[in-house]
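Being a predicted model, the structure only gives us computed values, none of them experimental. Start at 1 and go down the list; that is how both ligands and their atoms are numbered.
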Amino acid sequence: MEHYDLIVIGSGPAGRRAAIQAAKFGRNVLVVERGRRVGGVSVHTGTIPSKTLRETVLNLTGWRERGFYGRSYRVKDDLTAADLMARLHITLDHEVEVLEHQFARNKVDTIRGEARFADTHTIEVEGEAGETHRFKADKFVITVGTKPFRPDYVPFDGEYVLDSDEILELTEIPRSVAVIGAGVIGVEYASIFSALDVHVTLVEPRDTMLDFLDKELVADFTHQLRDRGIALRFGAKVQKIEKLGPADCEITLEGGRCVRSNVILFAAGRMGATPSLNLQNCGLGVDHRGRLKVDPMTFQTEVPHIFAAGDVIGFPSLASTSMEQGRIAACQALGEKAYDPPEYFPYGIYAVPEISTVGMTEEEIKERGIPYECGVARFRETSRGHIMGLDTGMLKMIFSLKTRRLLGCHIVGEGATELVHIGQAVLNLKGTLEYFVENTFNYPTLAEAYKIAALDAWNRMPPLSE
Ligand SMILES: Cc1cc2nc3c(=O)[nH]c(=O)nc-3n(C[C@H](O)[C@H](O)[C@H](O)COP(=O)(O)OP(=O)(O)OC[C@H]3O[C@@H](n4cnc5c(N)ncnc54)[C@H](O)[C@@H]3O)c2cc1C
């Protein structure tokens, strides 16, 4: 039986980073992947496909130019699902190629098949034809990710009632979509469909959405969604979902209100992909959503030689954070030095418009009793915004009154997910308001919004004490 220093189960962002990090330490590593190709949810059904779809939609609809040419402006009339998919396949092939090359270059062994624990140090890998192989390892990193949550009351049919993996297989662009679940995935797809001029209803049992974001940002975003005609049905639980006929679905909400649409996207949560791992054979258990518990600094599970990283350990469930967790988990598993994760990491929500944020929200700052001041800039105040025809977009920064340090940076609008990294650097380097006031920014850029927001806060801040 082959023996490895480290076996990584799953080849998504967490697994890929864990394996490559281990290989760079000169250890022999095996990655087991049950999917047809390496890359995980991130490459095949999650991050990259949804972001490619978003980019294609924005390009082919001419969305970014509508500020100048009006809401009816189109780059391509009669857009089809095939137009949207063409770019998707090219991007995915490229991503897989890069990843396979990375594994080969770093001498990471890979095997295709489903892994399950036979005992604490042995896994069995079952290939597509049912053949099994056994491997032993000193250490394991479990990075099996998640699968869409599919409750029994939802009549999934792979055609009109879909989960977030299946939505990428639509063969026609529907006239109307109802999205259940206003989490990150639901909000992203709802706003992408709306940019395609599909009528969208967003259904959410809670009264609010994206609660981890600064409320002022969510209010601005919500206003933009409503302004575009997205119907928000918040604060009512789904009572029944029915398929009345082809492309004719109905959601009945508590209180009796109904939502009719061609297609339903059910995007209310994901489950850890742990059931097939036979975790009882290695002494591990999972929570009600199939997730593993780990030490948040080392990513070690309750079984000392088994580590876990990525979506299978829960929040924040982002490709960006999963990669770092995977790398740290491999360092910890192999007894190598690992940096602590930085205090603040950014969130990117690739809705239309984008949202990105780093640091504390105004609500958190208030809760902690820190005296603060905010500065806000609208993208339309920047010359770049004028050139781009932007009439929406805002950047908000929050500073400590006492130390003048940046505490939080929150952006909604074009380029938010790139722009946020300026705020992230200043925040993690413990920079102050003065950084933005005293430094020159390229002109004309959207990044100028940082200076405008800083000056806005500066106007209300007490003077710098000597
Ligand atoms: C629609 C959508 C959009 C998203 N957008 C973003 C975004 O914009 N930015 C961002 O940062 N994040 C985004 N995410 C989240 C991101 O995709 C995940 O955080 C990331 O993929 C998690 O990585 P992972 O390595 O933990 O697991 P995954 O990427 O889920 O990979 C796990 C792998 O393990 C394999 N596996 C499972 N069980 C076994 C087994 N028993 N044996 C062998 N292999 C197994 C699976 O086949 C899979 O390939 C998005 C997710 C979705 C669904």
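Of all the heavy atoms in Ser11 and Gly39, the pair that sits closest is OG-N, 3.0 Å. In plain terms, the two heavy atoms of Ala190 and Ile230 that are nearest each other are O-CD1, 4.1 Å. Closest approach of Leu170 to Glu159, counting heavy atoms only: CD2-O, 4.0 Å.
The existence of a salt bridge linking Glu362 and Lys215 is excluded, since no basic side-chain nitrogen approaches an acidic carboxylate oxygen closer than 4.0 Å. A salt bridge does not link Glu65 to Arg74: none of the charged nitrogens lies less than 4.0 Å from a carboxylate oxygen. A salt bridge does not link Lys139 to Asp5: none of the charged side-chain nitrogens sits closer than 4.0 Å to a carboxylate oxygen. With respect to Asp93 and Arg37, a salt bridge is recorded, a charged nitrogen being found less than 4.0 Å from a carboxylate O. Checked for salt-bridge contact, Lys396 and Asp220 miss the test: no charged N lies under 4.0 Å from a carboxylate O. Salt-bridge check for Glu188 with Arg54: failed, with every basic side-chain N at 4.0 Å or more from each acidic carboxylate O. Between Lys136 and Glu2, no side-chain nitrogen of the basic residue sits less than 4.0 Å from a carboxylate oxygen of the acidic one, so the salt-bridge criterion is not met. Under 4.0 Å is where a charged nitrogen must lie from a carboxylate oxygen, and between Glu33 and Arg16 no such pair does. Salt-bridge annotation for Lys243 and Asp248: absent, with no side-chain N of the basic residue lying under 4.0 Å from a carboxylate O of the acidic one.
Shown in contact with Ser320 at under 4.0 Å from a heavy atom are these atoms of ligand 1, numbered in order with element: 11 (O). Ligand-side atoms of ligand 1 in range of Ser317: 15 (C), 19 (O), range being under 4.0 angstrom from any heavy atom. Taking every non-hydrogen atom of Tyr350 and a distance limit under 4.0 Å, the qualifying atoms of ligand 1 come out as 8 (O). Numbered from 1 in the order shown, with element, the atoms of ligand 1 that lie under 4.0 Å from a heavy atom of Leu277 read 41 (N). Listed by atom number, the atoms of ligand 1 under 4.0 Å from Gly10 heavy atoms are 33 (C), 34 (O), 35 (C). Shown in contact with Ser50 at under 4.0 Å from a heavy atom are these atoms of ligand 1, numbered in order with element: 3 (C). Residue Lys51 has at least one heavy-atom neighbour below 4.0 Å for each of these atoms of ligand 1: 3 (C), 4 (C), 5 (N), 6 (C), 7 (C), 8 (O). Taking a cut-off of under 4.0 Å to the non-hydrogen atoms of Ser276, the atoms of ligand 1 that pass are 41 (N).
Polar contact check, Thr47 against ligand 1: a nitrogen or oxygen pair lies under 3.5 Å apart. Considering backbone and side-chain N/O atoms, Leu318 comes within less than 3.5 Å of an N/O atom of ligand 1. Polar contact check, Ala14 against ligand 1: a nitrogen or oxygen pair lies under 3.5 Å apart. The shortest N or O to N or O distance between Glu33 and ligand 1 is below 3.5 Å. In terms of polar-atom proximity, Arg34 is counted as a contact of ligand 1, with an N or O under 3.5 Å from an N or O of the ligand. Considering backbone and side-chain atoms alike, Ile9 places every N or O at 3.5 Å or more from each N or O of ligand 1.
Summary of contacts: the protein heavy atom closest to atom 27 (O) of ligand 1 is Gly145 CA, 3.4 Å. At the top of the distance list for atom 51 (C) of ligand 1, counting protein heavy atoms only, stands Gly46 CA, 3.9 Å. Here the protein heavy atom with the shortest distance to atom 11 (O) of ligand 1 is Ala319 N, 2.9 Å. The protein heavy-atom contact nearest to atom 42 (N) of ligand 1 is Ala115 N, 2.9 Å.
With atom 29 (O) of ligand 1 as the reference point, the heavy atom nearest to it among Thr417, Thr45, Val41 is part of Val41. Nearest-residue assignment for atom 23 (O) of ligand 1 (options Gly12, Pro13, Gly310; heavy-atom criterion): Pro13. Among Val32, Val43, Asp311, the residue whose heavy atom lies closest to atom 20 (C) of ligand 1 is Asp311. In this structure, of Ile48, Thr143, Val144, the residue bringing a heavy atom nearest to atom 37 (C) of ligand 1 is Val144.
Residue contact annotation: Gly348 has no non-hydrogen atom under 4.0 Å from ligand 1. Distances shorter than 4.0 angstrom occur between a heavy atom of Arg270 and an atom of ligand 1. Judged by the shortest distance from any of its heavy atoms, Gly113 lies inside the 4.0 Å radius around the atoms of ligand 1.
Counted within 6.0 Å of CZ on Arg206, heavy atoms from surrounding residues, nucleotides or ligands total more than 12; the atom is thus considered enclosed. Atom CD of Glu128 sits in a sparse spot, with 12 or fewer heavy atoms from other residues, nucleotides or ligands closer than 6.0 Å.
The backbone N or O of Arg116 lies less than 3.5 Å from no partner atom in the side chain of Asn278, so there is not a single donor-acceptor pair.
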